[in-house]
Amino acid sequence: MKNQEIAAIFARMADMLAILGENYHRIMAYRRAAENIAALSRPLEEIWQAGELRTIPGIGETLAAKIDELMRTGRLEAYEKLKAQVPAGVVDMLLIPDVGPKKAALFWQTLGITDIEALEQAARDGRLRHLPGMGVKSEEKVLAGIAALKKRTGRTPLGVAWSLAQALLEALRKMPEVVQASPAGSLRRMRDTIGDLDLLVASAEPEAVMARFRELPQVAEVLLSGPTKTSIRTHEGIQADLRVVEPARWGTALQYFTGSQAHNIRLRGLALERGLSLSEYSLKREDGSEILCPTEEEVYAALGLPPIPPELREDRGEIEAALAGRLPILIERSQVRGDFQFHTVRSDGRNTLLEMARAAQAAGLEYAVVTDHSYSLGITRGVSAAALRRQRAEIEEVNRLMGGTFRLLAGVEVEMRADGTLDLPDEELAGLELVVAAIHSGLRGERERLTARMLAAIRNPHVDIIAHPTGRLIGEREEADLDMEAIFRAAAEHGTALEINGYTHRLDLNDVHVRRAVELGVTLVISSDAHDVNGFANLAWGVAMARRGWATAAQVLNTRRAEEVLAWARSRTSAPS
DNA sequence: GCCGTTTTCGGCCCGACTGTTTTCAGTCG
C-alpha cells in the first residue's frame, strides 16, 4: 500500500474517533501519524520491510502494528469496525466549513442525518435551529457552508496565489496605519498549493486597518471580522485571512502565523521545557511576565535555535537539525545562473529566440537552454531534425547579438515514445549541447511499463535531464503511477539530472520528491518551462520546491556557469553507460 | 495513541471569533 493511502486511512480514523467523542489526544495521535506518513520521502513499505516503523515520529507500538496489518493483509480491522459504526456521510460533513465533529455527531445522533444532502434539507426545513447550541444563525451557517463546499475549487497553485496575495499586500502597505506587511502561512512556507491566503500586518491601529481591508476592491464577501482577525473571500473565490498585531510583537506573530501547525506545536513544546509559554503575542515566563520579540530571529534564539527558513517549517526534521546545528544552507534564487527549459514560436511558445534571450537576461540569467518540443508530440508544433539544425544557426546568431553577455545553449525537449525510444535519432541528439527528455502522453499507463520507459531514458547517455518526472498537473492530473524510488536510484547511478519544473501548474518534482532525490545524491535542475517572456518568473517557484526539499546550491546545476554545465554534459555523454 | 537525563503514568500548544449563551462550546488555524 502507498504512503498516501495509509495516511488517508489514519486521517479518516481520526475523524471518526472525533465524531465518536474519543479522547482528543488519541485523535491527535492518529492525525499526527497521518501527516508524518504523508510527508515521508521514502515508501512506507520499504521502512516496514526494514522493520523500522517505530523510527517514524508519532508511530508507536499500536500504530506500527496497524501499519503491519495493512501491509500484510491490505485491510485494517479497527478501521472496518469504525466504518461500521460511523456512516461515511457523517464523516463527509466535516468538510463543511463551521461543521466539526461535535455538530456532525449532534445532527447524526439527534436527527438521524447521515449525509450532507439530508443535512441541507433539514436546515432548509428549519429543523436544526432547535437543537442544543444551535440557533437560526447557526442553521444559516450550515447552509452557507454547504454552498461554499459545493463551489470550492480546491487548492490554488503557489504561483497563482502569490500574485493575488501580492496585490492585497500592496494595498495594505499603502494604508497609513500599516507599519509592516508580510505573507504568512503556507504561502510564506512556499507550499506547492495554497488553501487560504494568510496575511500579517503590524499596526498600532488594528481597527482602522480592518475597516480599510474590508473595503478593498478585491473583497467579494467578509466572512468574519474582529479587532485582530478578519477573513474575506476574493472575487476569485479564494479566502484571505488578515491578522494585525502591534509592531513590538511582530516576531512572535509572524512565527506563529507562518506555521506550520506541526512546527509550532514542537516549538511551543521546546518553550515549555524552558519554562516559557509561546503564543503569537509573546513568550511568557511562569511568573506571567512577557518577553516581546519584534523579530522572528529573537523567537528562535530564545528557544536556543538558529533561524529556520520558512520553507523547512513542517516538522520534518528541521527542529532536530537546528538543535544539532545541521540545518542545510538552502539554494537561493540569486544563485540561479541559468534556465534549463523554455519554448519559442518554433514549438508552442509565443516569443522568438531573441525575445526570450533578452527576457532571460532581464531575469538575471547568464544562460538558458533552448528546448522546443521534438516532432512527435502531436498537440504542439514540434521541431524536426532539420528544423533543429536550422535553429542551431539562429542560436548562434542570437548569441552574437547578445554580445557575449548572455548565452543560449542548443537543446531540445525530446519525447520519450511508448516503446522507450526517443523520437529523434542519436546522431541528432549528439549534435546538441543539452538534451531534455520528457513524457507527455500515456501518463495514465500502468506502473511497470511507465517506469521502464523512464528508466530507458535515464540510461540513455545522450539524455542529460528528465523533465517534469511525474507529469502531474495541479488540479487536473495526478502524478503518474511510477516507481520513484527506482527512478531516483537510476538517476543517481547514471548521473542523469532530474528537473524541478517551476511552471505554476506543474511544480514537478514536488518538495517531498526533491527531498528524497537530495538524500540519494541525484543532480537537480530547476526550469522555468517559460512559454513567453514573462515565464522566467517561474524559476522562483522551482527554487521554492528545491528549498522545501532541503536542496543546497551544490546539488542544483543552475548554480554553475554555462561552461561548467557544458563540461558536465560532455562528461556524461562520454562516460560508459 | 505517543512519549520520557524531570516521568513507563500523566501529561499532550494556544488563542480568536461566533453564536448561543448568563460563562461557555465549537470551530478554526
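Letters A, B, ... are given to chains in the order of the sequence lines, protein chains preceding strands, and every chain is numbered from 1.
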J.: Across the strands shown, which category fits A/Ile59 at heavy-atom distances under 4.0 angstrom: base, sugar-phosphate, nothing?
T.: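 Sugar-phosphate contact only.
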J.: Separation of A/Glu35 atom CD from B/dC2 atom C1', in whole Å?
T.: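 Spelled out: CD on A/Glu35 to C1' on B/dC2 is 15 Å.
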J.: Pick the C1' atom in B/dG1 and in B/dT5, then give their distance to the nearest Å.
T.: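 It works out to 24 Å between them.
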J.: At under 4.0 Å between heavy atoms, what does A/Asp98 touch on the DNA or RNA strands: base, sugar-phosphate, or nothing?
T.: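 Here A/Asp98 touches the backbone only, sparing every base.
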J.: Contact class for A/Glu61 vs. all strands (heavy atom < 4.0 Å): base, sugar-phosphate, or nothing?
T.: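 Since only primed, P, OP1 and OP2 atoms lie under 4.0 Å of A/Glu61, the category is sugar-phosphate.
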J.: Which whole number of Å gives the distance between the C1' atom of B/dG11 and that of B/dT6?
T.: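 One C1' to the other, the span is 12 Å.
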J.: When we call it a touch if two heavy atoms are under 4.0 Å apart, what does A/Pro132 touch: a base, just sugar-phosphate, or nothing?
T.: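 A/Pro132: no heavy atom of the nucleic acid under 4.0 Å.
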J.: Between A/Glu280 and A/Gly100, which is nearer to the 5' end of DNA chain B once each is assigned its nearest nucleotide?
T.: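 With A/Gly100 and A/Glu280 compared, the 5'-side residue is A/Glu280.
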J.: From the options B/dG29, B/dG26, B/dC17, select the nucleotide whose nearest atom is closest to the side chain of A/Gln261.
T.: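 My answer, after comparing the listed nucleotides, is B/dG29.
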J.: Rounding to the closest angstrom, what is the interatomic distance between B/dC13 and B/dT20 at atom C1'?
T.: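 These two C1' atoms come out 27 Å apart once rounded.
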J.: Between the base of B/dG29 and the side chain of A/Tyr256, is there a donor-acceptor distance below 3.5 Å?
T.: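 Check passes, donor-acceptor contact within cut-off.
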J.: Would you measure the distance from the P atom in B/dT22 across to the matching atom in B/dG15 and give it in whole Å?
T.: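 Their P atoms lie roughly 24 Å apart.
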J.: When you compare the side chains of A/Arg189 and A/Ser260, does any donor N or O come within less than 3.5 Å of an acceptor on the partner?
T.: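 No pair is found: no donor N or O on one side chain lies under 3.5 Å from an acceptor on the other.
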J.: Quickly work out the A/Glu290 CD to B/dC14 P distance and round it to whole Å.
T.: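 The distance from CD of A/Glu290 to P of B/dC14 comes to 14 Å, rounded to the nearest Å.
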J.: Considering Watson-Crick and G-U wobble pairs with both distances under 3.5 Å, what does B/dT8 pair with?
T.: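 Answer to the pairing question: none, since B/dT8 forms no Watson-Crick or G-U pair.
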J.: Using only side-chain N and O atoms of A/Ser138, determine if any of them is under 4.0 Å from OP1 or OP2 of B/dT18.
T.: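 So the side-chain polar atoms of A/Ser138 never come under 4.0 Å of the phosphate oxygens OP1 or OP2 of B/dT18.
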J.: Any idea which heavy atoms bring A/Glu280 and A/Thr252 closest together, and the distance?
T.: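 Nearest pair, atom of A/Glu280 first, then A/Thr252: O-OG1, 3.0 Å.
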J.: NA contact type, A/Arg266, heavy-atom cut-off 4.0 Å: base, sugar-phosphate, or nothing?
T.: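 Contact class for A/Arg266: none.
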J.: Just checking A/Glu286: does its CD atom have more than 12 heavy atoms from other residues, nucleotides or ligands closer to it than 6.0 angstrom?
T.: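 Open.
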J.: Quick one: label A/Ile27 by what it contacts on the DNA or RNA (base, sugar-phosphate, nothing), any heavy atom closer than 4.0 Å.
T.: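 Here A/Ile27 touches no strand at all.
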J.: Determine the interatomic distance between C1' on B/dG10 and the same-named atom on B/dC17; round to the nearest Å.
T.: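 It comes out at 32 Å once rounded to the nearest Å.
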J.: Looking for any heavy atom pair under 4.0 Å, which part of the strands does A/Ser225 touch: base, sugar-phosphate only, or nothing?
T.: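 Here A/Ser225 touches the backbone only, sparing every base.
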J.: I want to confirm an ordering. Mapping A/Lys66 and A/Leu94 to their closest nucleotides on DNA chain B, which one lands closer to the 5' end?
T.: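 Looking at the nearest nucleotide for each, A/Lys66 comes out on the 5' side.
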J.: Should we say atom CD of A/Gln49 is surrounded by more than 12 heavy atoms from elsewhere, each under 6.0 Å from it?
T.: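 Count over threshold, so yes.
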J.: Hey, is CD on A/Glu478 packed in by over 12 heavy atoms from elsewhere, all under 6.0 Å?
T.: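 Count not over threshold, so no.
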J.: Without decimals, in angstroms, what is the distance between A/Leu223 CG and B/dG19 C1'?
T.: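 To the nearest whole Å, that distance equals 16 Å.
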J.: For a quick check of understanding: with a heavy-atom distance under 4.0 Å over all strands, which category does A/Phe257 fall into, base, sugar-phosphate or nothing?
T.: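 Here A/Phe257 touches no strand at all.
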J.: Using whole Å, what does the distance between atom C1' of nucleotide B/dT6 and atom CG of A/Leu272 come to?
T.: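 For the pair A/Leu272 CG and B/dT6 C1', the rounded distance is 14 Å.
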J.: For the side chain of A/Leu63, counting heavy atoms from C-beta on, which of B/dG1, B/dC17, B/dG15 is nearest?
T.: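 The answer is B/dG1.
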J.: To the nearest Å, give me how far apart CG (A/Leu17) and P (B/dG1) are.
T.: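 Value for this atom pair: 8 Å.
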J.: Counting heavy atoms from C-beta on, name the nucleotide in B/dG26, B/dG19, B/dG1 closest to the side chain of A/Asn23.
T.: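 Minimum distance to the A/Asn23 side chain belongs to B/dG1.
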J.: Does the side chain of A/Tyr281 come under 3.5 Å of the side chain of A/Glu290 through a donor N or O and an acceptor N or O?
T.: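 Side chains of A/Tyr281 and A/Glu290: no pair found under 3.5 Å.
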J.: Given atom CG of A/Leu224 and atom C1' of B/dC17, what is their separation to the nearest angstrom?
T.: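 Going from CG in A/Leu224 over to C1' in B/dC17 covers 6 Å.
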J.: How many Å lie between CD1 on A/Ile265 and P on B/dC3, as a whole number?
T.: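 Roughly 14 Å, once rounded to whole Å.
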J.: Which nucleotide in the set B/dG29, B/dT27, B/dT20 lies at the smallest distance from any side-chain heavy atom of A/Asp198?
T.: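 Ranking B/dG29, B/dT27, B/dT20 by closest atom to the A/Asp198 side chain puts B/dG29 first.
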J.: Just to confirm, is there a sub-4.0 Å distance from OP1 or OP2 of B/dC17 to any side-chain nitrogen or oxygen of A/Thr228?
T.: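 Checking A/Thr228 against B/dC17: at least one side-chain N or O falls below 4.0 Å of OP1 or OP2.
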J.: Side chain of A/Arg26 only, heavy atoms from C-beta on: which candidate in B/dT27, B/dC14, B/dG1 is closest?
T.: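 Out of B/dT27, B/dC14, B/dG1, the nucleotide with an atom closest to A/Arg26's side chain is B/dG1.
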J.: For nucleotides B/dT23 and B/dG29, find the distance between their C1' atoms and express it as a whole number of Å.
T.: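 Taking atom C1' in both B/dT23 and B/dG29, they lie 24 Å apart.
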J.: Categorize A/Val136 for me: base, sugar-phosphate, or nothing, with a 4.0 angstrom heavy-atom threshold over every strand shown.
T.: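 A/Val136: backbone/sugar contact only, no base atoms under 4.0 Å.
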J.: For B/dT18 and B/dT7, measure between their C1' atoms and round to the nearest Å.
T.: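 Straight-line distance between the two C1' atoms is 40 Å.
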J.: Applying a 4.0 Å non-hydrogen cut-off, can you work out what A/Asp196 is touching in the nucleic acid: base, sugar-phosphate, or nothing?
T.: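 Touches sugar-phosphate only.
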J.: May I have the distance from A/Met210 (atom CE) to B/dA16 (atom C1'), rounded to whole angstrom?
T.: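 A/Met210 atom CE is separated from B/dA16 atom C1' by 10 Å.
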J.: Looking at every strand, decide which applies to A/Met28 at a 4.0 Å heavy-atom threshold: base, sugar-phosphate, or nothing.
T.: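 Result for A/Met28 = nothing.
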J.: Got more than 12 heavy atoms from elsewhere within 6.0 Å of CD, A/Glu61?
T.: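 Result for CD/A/Glu61: open.
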J.: Are A/Arg243 and A/Phe257 in a cation-pi contact, defined as NZ or CZ under 6.0 Å from the six-membered ring centre and within 45° of the axis?
T.: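 Yes, a cation-pi geometry holds between A/Arg243 and A/Phe257.
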J.: Taking the side chain of A/Lys141 as heavy atoms from C-beta outward, which of B/dT18, B/dG26, B/dG15 is closest to it?
T.: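 That would be B/dT18.
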